[in-house]
Amino acid sequence: MKSEPEAYSIDDLAGDGTTHWDGVRNYQARNLMRDEMKVGDKVLYYHSRLRPPGVVGLAEVVEEAYPDHTSWDPDSNYFDPKSTPEEPRWFMVDIAFVRKFDRMVSIDELKEYPELADMVLLNRSRLSVQPVTPEEYEFIVALAERPHE
DNA sequence: GCCAACGTTGGC
DNA sequence: GCCAACGTTGGC
């Protein structure tokens, strides 16, 4: 899951403990949250729009998808008039802070490894919620635990 | 701040 | 249902 740290960083998540991942207004990202994300699933937390951007830590799904109430709140930035409590269009999950990496694994570093060449992050980078394979996940967690040469 | 990629909207 | 216009994202 990606977030601009100025908007909501992993430190914000650490402070809050859990948060609901509201404001996603992309169908592919919504479908992933609604159909794929289960309680206990691990989440790589990615800070976008930094120089450089990168994976900064881990979170975990603690509540499966339910309607994103900000979508029918006219005062919200995420208001969508086509979404109603009766027929919600947008969904969110709740995630909990797991840990922050000792160091950020930058996108440049991810690009160095053929094991990660097929990552959605490196190919369809604009999706704000993306699938990660177990192999990619383990690889990145291992990277974070040793210094980058 | 620029701009390429890409998703969405809406006129026809 | 096509596609041009427009808006957003996000690396750089």
Side-chain angles (χ1 to χ4, degrees), chain A residues 1-16 19-37 41-61 64-95 97-133 135-149:
Chain A
M1 294 175 116
K2 300 199 296 193
S3 182
E4 297 183 30
E6 319 83 75
Y8 195 82
S9 72
I10 192 156
D11 294 320
D12 293 324
L13 180 61
D16 291 344
T19 194
H20 41 255
W21 206 253
D22 61 359
V24 172
R25 297 293 178 269
N26 170 283
Y27 288 103
Q28 277 182 269
R30 177 203 68 182
N31 293 348
L32 282 165
M33 288 198 294
R34 190 190 56 189
D35 305 334
E36 306 292 338
M37 293 177 78
D41 283 356
K42 290 298 198 307
V43 173
L44 294 172
Y45 202 97
Y46 180 88
H47 279 173
S48 65
R49 278 195 153 263
L50 292 179
R51 271 195 290 277
V55 182
V56 290
L58 303 177
E60 179 175 359
V61 177
E64 281 163 28
Y66 57 100
D68 179 347
H69 58 80
T70 65
S71 68
W72 56 74
D73 173 3
D75 295 328
S76 168
N77 288 337
Y78 303 126
F79 178 61
D80 177 353
K82 292 175 184 153
S83 182
T84 64
E86 295 72 32
E87 260 189 279
R89 171 168 300 205
W90 302 111
F91 290 79
M92 58 189 173
V93 296
D94 288 357
I95 61 170
F97 177 76
V98 172
R99 66 187 170 90
K100 187 176 176 177
F101 291 156
D102 292 335
R103 66 180 192 90
M104 179 176 79
V105 181
S106 74
I107 193 171
D108 295 327
E109 187 176 347
L110 299 178
K111 287 176 184 167
E112 293 172 15
Y113 299 97
E115 292 90 335
L116 304 178
D118 292 333
M119 277 194 81
V120 175
L121 180 70
L122 303 179
N123 297 290
R124 300 271 336 279
S125 73
R126 288 167 64 257
L127 255 193
S128 65
V129 178
Q130 311 182 347
V132 177
T133 68
E135 292 77 17
E136 290 162 350
Y137 174 85
E138 295 298 341
F139 194 92
I140 291 169
V141 170
L143 280 185
E145 281 164 2
R146 56 184 164 80
H148 182 222
E149 297 96 46

Handout entry: Near-ring test A/F91/A/Y66, centroid separation under 6.0 angstrom
Key = no
Exercise for the section: Whole angstrom is fine here: how far is it from CD in A/E6 over to P in C/dG11? Expected result: 11 Å
Practice task
Would you mind reading off the bend of the helix from B/dG1-C/dC12 to B/dC12-C/dG1 from its two end axes, five pairs each, to 10 degrees?
Solution key: 10°
Handout entry: Side-chain donor/acceptor of A/S71 to backbone N/O of A/D68, under 3.5 Å
Key = yes
Protein-nucleic acid N or O pairs under 3.5 Å, nucleotides 7-10 of chain B:
{"from": "B/dG7", "atom 1": "OP1", "to": "A/R124", "atom 2": "NH2", "distance (Å)": "2.8"}

Fill in the blank from the handout: Contacts of A/Y137 meeting ring-ring contact (aromatic ring centres under 6.0 Å, His included) (sequence neighbours excluded), chain-then-number -> none
Exercise for the section: Of all the heavy-atom pairs spanning A/L58 and A/I10, show the shortest one and how long it is. Expected result: N-CD1, 4.0 Å
Handout entry: Nearest-angstrom distance from the residue atom CD of A/Q130 to C1' of C/dG11
Key = 13 Å
Exercise for the section: Compute whether any side-chain donor of one residue and acceptor of the other, for A/Y27 and A/R89, lie under 3.5 angstrom apart. Expected result: yes
Exercise for the section: Measure the spacing between CG of A/L116 and CD1 of A/I107 and express it to the nearest 0.5 Å. Expected result: 11.0 Å
Practice task
For A/T70 and A/R25, test the side chains for any donor-to-acceptor distance below 3.5 angstrom and give the result as yes or no.
Solution key: yes
Exercise for the section: Assess the pair A/W90 and A/F79: is the distance between their ring centroids shorter than 6.0 Å? Expected result: no
